Amino acid sequence: MEAQSTSPPTSPAQPPPSQQQQQQQQQQPPSPQPQDHKHAPQSISTSTRTTRSIHRIKSHPALSPFRRRIYLVLLSIPPGRWTTYAALARYMATTTTTTTSSSPLSSSNSPPSSTTTTTTNKPNPNPPGTKPRAKPKGAIGSARAVGTAMRTNPFAPDVPCHRVLASDGTLGGYMGDGPSTGGRNLQKKREMLEAEGVRFLGEGLEGKKGKGKGVRAVGECWVDFVG
């Protein structure tokens with residue numbers, strides 16, 4: 001008697017895919033790749049932080065119009081750049097903002113009102129050939145008023161008052177510490193700027209009374225303000 005084969009039956013061979021099936025497979029879009037949120041572009045987080053800061057500034061109940069505007073202007077100074085109290089004062093003194101809102105219609109289906117802010121140059125208060133008028137201490141647009149606004153900034157460091165230096169590129173002041181006192185806050189200001197890419201000439205904080213005058217920032221003062 002012949003032995004019966006115990007191997008499993010072979011399945012019939014699959015027919016080759018038709019030309020139509022091949023075309024359908026080629027037309028299928030590739031499956032989306034999962035996004036790595038850990039490596040999302042830094043500009044996204046920066047834009048979100050700026051938007052949040054704008055909302056906080058505009059909704060703060062205790063800010064004067066001058067402080068509200070200068071904090072918004074500070075947001076236009078990019079990381080790795082610096083400006084001065086005098087440059088901010090000149091910008092604030094020679095420009096003004098006009099805010100217009102469109103009135104909402106009575107219809108319930110009308111779109112919400114929109115707000116537009118326009119920055120324009122102020123006329124020269126001292127025409128050629130005339131003697132410049134003295135500006136009182138603390139006047140809006142003076143370096144002293146700018147310094148006071150920086151010292152009382154409630155939104156630091158998101159609203160970057162640490163990017164504002166003295167006219168000669170030295171650190172100026174920060175969180176109550178100034179050139180005559182020095183202190184940990186001035187060192188913190190330098191460290192924050194260096195972390196953003198600003199370079200300094202000089203070591204330590206030596207100088208007047210042994211504090212704060214021996215370090216100067218490298219580069220050009222930022223003057224392309226917006227706001």
Side-chain angles (χ1 to χ4, degrees), residues 38 40-60 62-64 66-92 138 141-227:
K38 293 182 180 180
Q42 186 178 3
S43 59
I44 297 178
S45 60
T46 302
S47 176
T48 302
R49 186 163 56 249
T50 301
T51 302
R52 187 184 305 118
S53 296
I54 292 174
H55 174 74
R56 292 173 63 197
I57 293 170
K58 290 185 175 181
S59 61
H60 196 286
L63 294 180
S64 65
F66 174 77
R67 290 178 65 198
R68 195 182 308 278
R69 183 186 171 208
I70 201 169
Y71 294 148
L72 291 172
V73 171
L74 279 180
L75 295 174
S76 66
I77 307 172
R81 301 300 301 269
W82 55 272
T83 190
T84 66
Y85 301 101
L88 271 173
R90 283 192 296 270
Y91 180 79
M92 296 294 291
S142 71
R144 183 183 296 271
V146 172
T148 300
M150 300 302 101
R151 187 173 62 252
T152 57
N153 176 15
F155 312 108
D158 290 338
V159 177
C161 57
H162 63 279
R163 296 174 190 160
V164 185
L165 306 179
S167 297
D168 58 358
T170 54
L171 290 171
Y174 189 62
M175 296 179 65
D177 288 342
S180 62
T181 60
R184 173 60 188 165
N185 288 329
L186 278 186
Q187 182 64 32
K188 179 180 179 181
K189 181 176 184 177
R190 177 181 177 178
E191 292 172 352
M192 293 171 66
L193 289 168
E194 287 179 329
E196 294 176 347
V198 177
R199 295 189 302 112
F200 288 88
L201 293 177
E203 296 295 332
L205 297 174
E206 307 82 22
K208 182 180 179 182
K209 295 185 181 180
K211 308 288 184 180
K213 278 287 188 178
V215 184
R216 284 178 171 79
V218 177
E220 295 183 359
C221 172
W222 179 268
V223 294
D224 296 330
F225 305 112
V226 178

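Values below: every heavy atom of this structure, side chains too, minus hydrogens, waters and symmetry copies. The shown structure was predicted, so the numbers you read here are calculated from the model rather than taken from an experiment.
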Open item on the list: Using the rule side-chain contact (heavy atoms from CB on, under 4.5 Å), only one of R163, M150, R69 pairs with L74; which is it?
Closed with: M150
Task: Closest heavy-atom pair and its distance - M92, V73 - done: SD-CG2, 4.3 Å
Task: Any donor-acceptor N/O pair, Y174 side chain to Q187 backbone, under 3.5 Å - done: no
TODO: Could you pull out the closest heavy-atom pair between L171 and F200, with the gap in Å?
DONE: CD2-CE2, 3.8 Å
Open item on the list: Quick check: do V223 and C221 have side-chain heavy atoms less than 4.5 Å from each other?
Closed with: yes
- [ ] Mind checking side chain to side chain contact (heavy atoms under 4.5 Å, CB included) for R151 and listing every partner two or more places apart, or none if nothing turns up?
- [x] T148
Compile the donor-acceptor pairs under 3.5 Å between side chains in residues 153-160 and protein atoms, sequence neighbours left out, one pair per line.
unit_1 : atom_1 : unit_2 : atom_2 : d
N153   : OD1    : F155   : N      : 2.9
N153   : ND2    : V159   : O      : 2.8

Open item on the list: Which heavy atom of F66 sits nearest to which heavy atom of A145, and what is that distance?
Closed with: CE2-O, 3.8 Å
- [ ] Considering non-hydrogen atoms only, spot the tightest contact between A143 and A89 and give its length.
- [x] N-CB, 3.6 Å
Open item on the list: Holding to side chain to side chain contact (heavy atoms under 4.5 Å, CB included), I want the full list of residues that pass it with T152, two or more places apart in sequence or in another chain.
Closed with: R67, Y71
Task: V198 side chain reached by M192 side chain, heavy atoms, under 4.5 Å - done: no
TODO: Taking the side chain as every heavy atom from C-beta outward, state whether T170 and L165 have any pair of such atoms under 4.5 Å apart.
DONE: no
Open item on the list: With side-chain contact (heavy atoms from CB on, under 4.5 Å) as the criterion, how do I70 and V146 come out once you've worked through the C-alpha distance, each side chain's angles and the decisive distance to 0.1 Å?
Closed with: CA-CA 8 Å; I70 201 169; V146 172; 3.8 Å; yes
Open item on the list: I need the single residue from E196, K189, K188 that forms a side chain to side chain donor-acceptor pair (under 3.5 Å) with H162. Which is it?
Closed with: E196
TODO: With sequence neighbours excluded, tell me which residues meet side-chain hydrogen bond (donor to acceptor under 3.5 Å, both in side chains) with E194.
DONE: R190
- [ ] Applying side chain to side chain contact (heavy atoms under 4.5 Å, CB included), name anything that partners R199, two or more places apart in sequence or on another chain.
- [x] V218
- [ ] Search all heavy atoms of L186 against all heavy atoms of P179 and return the closest pair with its distance.
- [x] CD1-N, 4.4 Å
Task: Value rounded to 0.5 Å, distance of SG in C161 from OH in Y85 - done: 8.0 Å
TODO: Quick one: which residue pairs count as a side chain to side chain donor-acceptor pair (under 3.5 Å) with a foot in residues 218-227, not counting sequence neighbours?
DONE: none
- [ ] Let me see the working for D168 and T84 under side-chain contact (heavy atoms from CB on, under 4.5 Å), right down to the final yes or no.
- [x] CA-CA 8 Å; D168 58 358; T84 66; over 6 Å; no
Task: F225 side chain reached by I77 side chain, heavy atoms, under 4.5 Å - done: yes
Task: Salt-bridge criterion met for R184 and D177 (N-O under 4.0 Å) - done: no
Task: Check against side-chain contact (heavy atoms from CB on, under 4.5 Å), V164 and W82 - done: CA-CA 6 Å; V164 185; W82 55 272; over 6 Å; no
- [ ] Measure from the side-chain N and O atoms of S76 to the backbone N and O of V226, and report whether any donor-acceptor pair falls under 3.5 Å.
- [x] yes
